[in-house]
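Worth knowing before you read on, the calculation uses all heavy atoms, side chains too, and leaves out hydrogens, waters and symmetry mates.
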Amino acid sequence: MSARELRASLSLASIFGLRLFGMFIILPVFALYAERLPGWNLTLVGIALGAYGLTQAILQVPFGWASDRLGRKPVLVAGLLVFAAGSALCALAQSPWAVILGRTIQGAGAISGVAIAMAGDLTRPSQRTKAMAIIGSTIGVAFAGSFVAAPFLKNAIGVPGIFALTGVLALAAVAIVAWVVPDPPPRRHGEAAVPFREVLRDPELARLNVGIFALHAVLMALFVVVPLSLVRSGLPSAEHWGMYLGAVGTGFVLMLPFVAVRRIARHERAVFLGAVAVLAAGIAVLAASADRLPLLAAGLVIFFAAFNVLEAKLPALVSKAAPPSAKGAASGVYSSVQFLGTFVGGAAGGAIAQHLGPVAVLAACLAVTAVWLAAAWPMREPSERGAADAHNVNEPHATNP
């Protein structure tokens, strides 16, 4: 990678990391926190966890469309400021519905697709998978770090303090956008825009959209019930950080060869389908654990090994499949579907847990993953689409950091 490409990849990855750290850090502590408060039940917990994803799902496409026309940086800054405002409301909330409103506003800062598109703007096609792997790996590190830090921060500053911290991190991300992220190149004069309907009809993009919906629906549903299962297994909530650190950290290490070792990573279809199958295996182990701690630990390690691979692979595959002039729109659709999965997974997981119990949640997650594997199976070996844009966006800048 050139110095400019590396700077772009690392700075955009840091924006993802700061923002998603704030989103992930709530997952291992919120259900246990809300359980002790008046007015809360598991259904409301699920809605609060998933509400963020609903507005993300609705607004990712408009944000991506706007970034294709108004520029990536102004849209990134606007979205981060909205996220910070929602975090402040969550920190001040005194009722379940106020928290849900704050989470909804957090989600209105729908910039994930814009950031993915900007990574595509600032890297050559030959280097784009590396850029997306850096972003995906940073998401994995943010995920692991948030799960380790959450119990300590809950004890130190409480869940309202954690929400306030997420707002501060969003403002730090604004500074990175303004002063660290390189300016993207201008769009080529006369470049034809791809009709939005073509982005929706593309079968490869559709398969990837199904995948990101399933991945994040399963993730949110699991964390309605996993913290409670760990408590029932005899592990106090104050010690959950060690379990999450071990599971996410081991999963991250297991992920690295499938992203970083070229001989393995180039077989993208096999790696991708294999990761979906391993994800299903992890969920099956969790479902069979019967709240036994060793099996819960094994299931979490298997799940996070596959989750980290898929979280790194999916945005890279979208960038390859998207038409060059519609990367913002394609990434917006992808991110909309991702956060729709977040909302559906959180809300459905809470409702199923409330009425049918935790095992039913895990069975539903396993069924969703099986459907995903069937939908993904016909995928072709990915290839770069619109490779001619390499000279348009990056080659003139390859030596200019």
Side chains of [Y] and [X]: any donor to acceptor distance under 3.5 Å?
{"X": "Glu5", "Y": "Thr123", "value": "no"}
{"X": "Ser112", "Y": "Arg19", "value": "yes"}
{"X": "Ser289", "Y": "Arg292", "value": "no"}

Could you please spell out the steps behind the side-chain contact (heavy atoms from CB on, under 4.5 Å) verdict for Phe223 and Leu219?
CA-CA 7 Å; Phe223 280 93; Leu219 176 69; 3.9 Å; yes
I'd like to check [X] versus [Y] (side-chain heavy atoms, cut-off strictly below 4.5 Å). Are they in contact?
{"X": "Val82", "Y": "Ile111", "value": "no"}
{"X": "Gln106", "Y": "Thr166", "value": "yes"}
{"X": "Leu222", "Y": "Leu362", "value": "yes"}
{"X": "Val218", "Y": "Ile283", "value": "yes"}

Spacing of [X] atom [atom1] and [Y] atom [atom2] [to the nearest 0.5 Å]:
{"X": "Leu340", "Y": "Thr55", "atom1": "CG", "atom2": "OG1", "answer": "11.0 Å"}
{"X": "Leu6", "Y": "Ile134", "atom1": "CG", "atom2": "CD1", "answer": "6.0 Å"}
{"X": "Ile105", "Y": "Arg103", "atom1": "CD1", "atom2": "CZ", "answer": "12.5 Å"}
{"X": "Leu169", "Y": "Ile15", "atom1": "CG", "atom2": "CD1", "answer": "13.0 Å"}
{"X": "Asp291", "Y": "Leu230", "atom1": "CG", "atom2": "CG", "answer": "8.5 Å"}
{"X": "Leu215", "Y": "Leu310", "atom1": "CG", "atom2": "CG", "answer": "5.5 Å"}

Would Phe304 and Leu254 satisfy side-chain contact (heavy atoms from CB on, under 4.5 Å), going step by step from the backbone distance to the final call?
CA-CA 9 Å; Phe304 282 121; Leu254 293 173; over 6 Å; no
Ala119 to Ile135 - nearest heavy-atom pair and separation
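Heavy-atom minimum between the residues: CB-CD1, 3.9 Å.
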Looking only at heavy atoms, which two atoms of Ile100 and Ala51 are closest? And how far apart?
O-CB, 4.0 Å
Take the angle between the ring planes of Tyr33 and Phe30 and call it parallel below 30°, perpendicular above 60°, tilted in between.
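Tilted, since the angle between the ring planes falls between 30° and 60°.
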Please test Arg232 against Leu228 for side-chain contact (heavy atoms from CB on, under 4.5 Å), starting from the C-alpha separation and ending with a verdict.
CA-CA 6 Å; Arg232 286 194 297 269; Leu228 302 176; 3.8 Å; yes
Cation-pi check, Arg269 to Trp377: give yes when NZ or CZ is under 6.0 Å from the six-membered ring centre and within 45° of the ring axis, no otherwise.
yes
Hey, mind stepping through Thr369 and Leu373 against side-chain contact (heavy atoms from CB on, under 4.5 Å) and telling me if it holds?
CA-CA 6 Å; Thr369 309; Leu373 185 60; 5.8 Å; no
Report yes or no: does Gln60 contribute a side-chain atom to a donor-acceptor pair with the main-chain N or O of Gly113 at less than 3.5 Å?
yes
Given 3.5 Å as the limit, does a donor-acceptor pair link the side chain of Arg7 with the main chain of Val180, or not?
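Yes; judged by distance alone, with no hydrogens or angles, the pair exists.
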